[in-house]
Amino acid sequence: MTESLPGKQSKISDKNNVGSRTDILDKLENLPSEDQEKIIATMEMYSGPIPHPAILEGYEKLYPGAAKEIIENGVQESQHRRKLETKRQARRGRLAWFTLGSLVLVTILLLVGSFVLIMNNHRIIGTVFGAGGFLVFLGSLVDQVNALSGKDDISTDKNDEDN
């Protein structure tokens, strides 16, 4: 991806080179306006998994076949990331089903316990167990719907980085 610099300031979000790029932009701001315009007209910043074509051309001159290897490495990296994402999504789905199954089991146990208590003349505690079972089921179901349908993966990304 190539970004041309339309003005004096440009926000660049590449984590690895933010400091050096902002240093260059700071130095650019200290130049006279004529020099700034000349440099900005020819300056471009490039980021992505594969180097800028001009850089690839330089590597190819130094080591024939290097550009092909670099591009193949970029493609392999992209495939690897997609495979990891697919595995993460499958793991997330299995965890959701396990959680849902566990919640249904706990709810059933609480409701059966409630029924047994009520049938043995423990109406108050039986009612509490029944209400607790219903609230656990309802609250967990609502929580799971939000967790699984939301687009925000921040909490799962942090857990994946730890693994």
Side-chain angles (χ1 to χ4, degrees), residues 1-110 133 135-163:
M1 172 186 293
T2 304
E3 295 182 26
S4 298
L5 297 175
K8 293 181 188 177
Q9 298 176 351
S10 176
K11 292 184 179 180
I12 300 168
S13 61
D14 186 7
K15 294 180 203 174
N16 300 328
N17 296 323
V18 171
S20 62
R21 290 179 181 180
T22 53
D23 291 343
I24 291 171
L25 294 175
D26 289 341
K27 289 178 184 177
L28 183 63
E29 288 179 357
N30 295 332
L31 294 174
S33 62
E34 289 178 11
D35 292 339
Q36 281 182 6
E37 288 177 19
K38 289 178 186 175
I39 291 174
I40 289 173
T42 59
M43 186 176 170
E44 66 178 25
M45 292 193 180
Y46 186 84
S47 65
I50 299 171
H52 190 276
I55 295 172
L56 275 177
E57 184 179 350
Y59 280 124
E60 189 65 29
K61 286 179 184 175
L62 289 174
Y63 178 69
K68 181 179 179 184
E69 288 182 30
I70 291 170
I71 291 171
E72 286 175 358
N73 185 38
V75 170
Q76 289 172 354
E77 177 71 21
S78 177
Q79 291 170 345
H80 176 69
R81 287 181 182 272
R82 287 185 190 127
K83 190 183 296 183
L84 289 176
E85 178 66 18
T86 301
K87 286 181 180 180
R88 184 181 76 85
Q89 290 297 339
R91 185 174 58 243
R92 190 173 177 212
R94 286 190 305 269
L95 181 61
W97 280 110
F98 175 76
T99 302
L100 187 61
S102 298
L103 294 171
V104 167
L105 182 64
V106 168
T107 302
I108 290 171
L109 288 174
L110 285 170
L135 291 175
V136 164
F137 180 73
L138 186 63
S140 300
L141 193 62
V142 169
D143 183 55
Q144 285 298 307
V145 167
N146 286 336
L148 295 175
S149 63
K151 294 180 181 179
D152 186 15
D153 283 347
I154 293 173
S155 61
T156 56
D157 287 344
K158 288 180 183 177
N159 293 337
D160 287 345
E161 289 173 2
D162 294 338
N163 294 338

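These numbers were taken from a predicted model, which means no experiment stands behind them. The figures here come from the full heavy-atom set of this structure, side chains too, leaving out hydrogens, waters and symmetry mates.
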Could you tell me the separation between the CG atom of L110 and the CG atom of L105, rounded to the nearest 0.5 Å? 9.5 Å

Are the side chain of T86 and the backbone of R82 linked by a donor-acceptor contact shorter than 3.5 Å? yes

Derivation of the side-chain contact (heavy atoms from CB on, under 4.5 Å) call for V104 and F137: CA-CA 7 Å; V104 167; F137 180 73; 4.1 Å; yes

Worked verdict on E85 versus Q89 for side chain to side chain donor-acceptor pair (under 3.5 Å): CA-CA 6 Å; E85 178 66 18; Q89 290 297 339; 3.0 Å; yes

Closest approach of T107 to G133 (non-hydrogen atoms, all atoms of both residues): CG2-O, 3.4 Å

So which heavy atom on E60 is nearest to which on K68, and how close? OE1-N, 4.2 Å

Quick check for you: to the nearest 0.5 Å, what is the distance between N73 atom CG and H80 atom NE2? 11.0 Å

Interatomic distance, I55 atom CD1 to E57 atom CD [nearest 0.5 angstrom]: 11.0 Å

